[in-house]
Amino acid sequence: MKIGAHFTDRELTVTNQPAANEPATVEWVALGRLVALILDPLRDAIGRPVRVTSGFRSQAVNRAVGGAVTSQHLRGEAADIKVDGMTTAEVARTIHRLGLPVDQCIVERGDSGWVHVSTRLDGKNRGQYLASPKAGQYDPWSP
Ligand SMILES: [Zn+2]
């Protein structure tokens, strides 16, 4: 099933864990919003595939991958993404430049890691741009 213009239900529920990972209706609504507000506009702007390495996570999947207990992946509000041919910093800066309504945009584990991006279903986005581990030895936000 297609979600938005460029994504599918399979991509948004991908997992390498042997556990059920089926979103409920409200989580599908959140995933649809994430695609419409963040992932599709990013894909359109860069003209390259946006690879989702982790989107929705059930409680079982989230536990198995060591996700935070309050992870927005549990609500369908977050995706971890990579774009071939772009560093994570380039992807994150593009999201910032486009002014997409993010709750959090986090460059995880440096240039060869991934970008965690979320938008809240209730629209109360914090607009946080972060790096993990914390910027210092590596700051994706300074050009
Ligand atoms: Zn994430």
Side-chain angles (χ1 to χ4, degrees), residues 1-19 21-23 26-143:
M1 177 178 56
K2 220 162 175 202
I3 309 290
H6 301 292
F7 296 86
T8 66
D9 55 345
R10 292 177 71 97
E11 287 178 278
L12 296 169
T13 57
V14 68
T15 179
N16 54 13
Q17 298 301 316
N21 200 41
E22 181 57 35
V26 66
E27 293 147 359
W28 277 122
V29 172
L31 286 165
R33 230 178 114 83
L34 180 66
V35 169
L37 297 178
I38 310 281
L39 300 182
D40 268 349
L42 174 64
R43 169 68 179 79
D44 287 335
I46 62 181
R48 302 172 190 232
V50 172
R51 223 149 34 84
V52 177
T53 58
S54 182
F56 172 76
R57 292 180 199 155
S58 64
Q59 291 285 353
V61 167
N62 192 58
R63 259 194 308 275
V65 302
V69 292
T70 58
S71 173
Q72 289 180 294
H73 288 279
L74 291 164
R75 296 199 292 272
E77 294 179 338
D80 296 339
I81 58 174
K82 291 179 159 212
V83 177
D84 290 338
M86 292 176 77
T87 66
T88 50
E90 287 169 339
V91 172
R93 286 198 208 110
T94 302
I95 291 170
H96 185 257
R97 177 172 52 78
L98 292 171
L100 303 179
V102 304
D103 184 47
Q104 292 188 313
C105 177
I106 309 174
V107 175
E108 303 266 11
R109 313 282 159 80
D111 268 344
S112 54
W114 64 91
V115 176
H116 168 100
V117 65
S118 67
T119 193
R120 288 173 58 125
L121 186 54
D122 65 10
K124 293 179 180 165
N125 294 310
R126 292 168 287 179
Q128 293 180 337
Y129 292 86
L130 308 165
S132 175
K134 282 217 182 348
Q137 74 266 33
Y138 176 79
D139 184 0
W141 306 107
S142 66

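Just so it is clear, the values below take in all heavy atoms, side chains as well, and ignore hydrogens, waters and symmetry mates.
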Ile81/Leu42 under side chain to side chain contact (heavy atoms under 4.5 Å, CB included): CA gap, chis, key distance, verdict: CA-CA 11 Å; Ile81 58 174; Leu42 174 64; 3.7 Å; yes
Using every non-hydrogen atom in the two residues, find where [X] and [Y] come nearest and quote the distance to one decimal.
X	Y	value
Asn21	Val14	ND2-O, 4.2 Å
Leu34	Val117	CD1-O, 4.0 Å
Val107	Ala89	CG2-CA, 4.5 Å
Gly110	Thr88	O-OG1, 2.7 Å
Ile95	Cys105	CD1-SG, 4.1 Å
Pro41	Leu100	CB-CD2, 3.8 Å

So, do [X] and [Y] sit near enough that their side-chain heavy atoms are less than 4.5 Å apart?
X	Y	result
Phe7	Val50	yes
Val65	Ser54	no
Leu39	His6	no
Ile46	Met86	yes

Candidate pair Asp122 and Arg75, rule salt bridge (Lys or Arg N to Asp or Glu O under 4.0 Å), full reasoning: CA-CA 11 Å; Asp122 65 10; Arg75 296 199 292 272; over 6 Å; no
State the [atom1]-[atom2] distance between [X] and [Y], to the nearest 0.5 angstrom.
X	Y	atom1	atom2	value
Gln128	Ser118	CD	OG	8.5 Å
Leu12	Leu31	CG	CG	5.5 Å
Arg10	Met1	CZ	CE	11.5 Å
Trp114	Glu108	CH2	CD	5.5 Å
Glu90	Asp111	CD	CG	7.5 Å

Check: Arg120 main-chain N/O paired with Gln72 side-chain donor or acceptor under 3.5 Å: no
Ala68 backbone acceptor or donor facing Asn62 side chain under 3.5 Å: yes
Inter- and intrachain pairs under ring-ring contact (aromatic ring centres under 6.0 Å, His included), touching residues 73-111, at least two apart: His73-His116, His96-Tyr129
Ionic contact status for Arg51 with Asp84, cut-off 4.0 Å: yes
Distance-only donor-acceptor check, side chains Thr119 and Asn125, under 3.5 Å: yes
Residues forming a side-chain hydrogen bond (donor to acceptor under 3.5 Å, both in side chains) with Thr8, sequence neighbours excluded: Glu11
Trace of the side chain to side chain contact (heavy atoms under 4.5 Å, CB included) decision for Trp28 with Thr13: CA-CA 10 Å; Trp28 277 122; Thr13 57; 3.8 Å; yes
Criterion side chain to side chain contact (heavy atoms under 4.5 Å, CB included) on Arg57 and Asp80, from CA distance to verdict: CA-CA 11 Å; Arg57 292 180 199 155; Asp80 296 339; 3.2 Å; yes
Set of salt bridge (Lys or Arg N to Asp or Glu O under 4.0 Å) partners for Arg33, sequence neighbours left out: none
